[in-house]
Number of protein chains: 2
Amino acid sequence: MSNARLQAFGAKVRAMRKQKGLSQEELASLAGLDRSYMGHIERGEKNITLLKIYQISDALSLPAAIFLTDE
Amino acid sequence: MSNARLQAFGAKVRAMRKQKGLSQEELASLAGLDRSYMGHIERGEKNITLLKIYQISDALSLPAAIFLTDE
DNA sequence: AGCATCCACGGACTATAATACCCATTTTCC
DNA sequence: GGAAAATGGGTATTATAGTCCGTGGATGCT
């Protein structure tokens, strides 16, 4: 599994996570996700489901929509 | 599977689909999905994956972000 | 050097999304 | 009222999302 849109999503997550000064493991814990899964997401290797997207956006206190690219 | 955010997503898909004057079957066909699956999505019964969200937004020629609620 | 933190990546397993059917019910329109 | 179109909702199977464990490499710090 690999796709430009998934990579764009993951890159956005990573950027926002770093902006908050969190490690992958810290964000994963906040979002209630597995640490290695968070790594796969940021690398764009997984086709994440909608509710997981919300778990991450909740953990970062950001609207979920900002993680989706326009194109 | 049932959840307020999934229902909100489905409601948005339905609203946009009707605005374009399409049937579930027509939209499903445009998006390359099964008609009954589209029904489940609109009713908020499925936790859709990111790439499927894009398939639907592409079919409707709308940005994917508009289907995600802020809360 | 040694220790700690962070991340990439993999394997094995479980849960569930997604596909492809089906039939019943509702809605639409003549 | 009746036919056709549109939708609701179920079932069974396959594909894959997601979990849980580990290993190794890179970096920084004392």
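Sequence lines set the chain letters: A, B, ... in the order given, protein chains first and strands last, and positions in each chain run from 1.
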Whole-Å distance, A/H40 NE2 to D/dC21 P, equals 15 Å
Against the side chain of B/S36, the closest entry in C/dC21, D/dT7, D/dC20 is C/dC21
Could you check how far CD of B/E26 sits from P of D/dA6, rounded to whole Å?
6 Å
Ignoring the backbone of A/S23, work out which of C/dA18, C/dC6, D/dG9 is nearest its side chain.
C/dC6
First encountered from the 5' end of DNA chain D, between A/E45 and B/Q24
B/Q24
Could you give the CG-to-P distance, from A/L33 to D/dA17, as a whole number of Å?
15 Å
Is the distance from OP1 or OP2 of D/dT19 to the nearest side-chain N or O of A/K46 less than 4.0 Å?
no
Spacing of B/L22 atom CG relative to D/dA5 atom C1', expressed in whole Å:
15 Å
Check whether any side-chain nitrogen or oxygen of B/K52 sits under 4.0 Å from OP1 or OP2 of C/dT19, and answer yes or no.
yes
Would you name the heavy atoms of A/L51 and B/N47 that are closest together and state the gap between them?
N-OD1, 3.0 Å
Is any side-chain N or O of B/R14 closer than 4.0 Å to OP1 or OP2 of D/dG8?
yes
note: A/Q7, atom CD; C/dA8, atom P; distance rounded to Å ~ 13 Å
In whole angstroms, the gap separating P of C/dC7 from CD1 of A/I41 amounts to 15 Å
Please check if atom CD in A/E25 has more than 12 non-hydrogen atoms from other residues, nucleotides or ligands closer than 6.0 Å.
no
Side chain of B/T49 only, please: which of D/dT7, D/dC20, C/dA18 is the nearest?
C/dA18
Rounded to whole Å, how long is the line connecting atom CG of B/L50 with atom P of D/dT16?
16 Å
Using a heavy-atom cut-off of 4.0 Å across all strands, would you classify A/N47 as base, sugar-phosphate, or nothing?
sugar-phosphate
Quick check: closest heavy atoms across A/M38 and A/V13, and the distance to 0.1 Å?
SD-CG1, 4.5 Å
Protein-nucleotide distance (B/N3, atom CG; C/dA17, atom P), rounded to Å
11 Å
Does a side-chain N or O from A/R35 land closer than 4.0 Å to OP1 or OP2 of D/dC20, or not?
no
Residues B/E26, B/R17: salt bridge by 4.0 Å N-O rule:
no
If the threshold is 4.0 Å, N to carboxylate O, is there a salt bridge linking B/K52 and B/D58?
no
Against the side chain of B/D34, the closest entry in C/dA18, C/dA20, D/dT7 is C/dA20
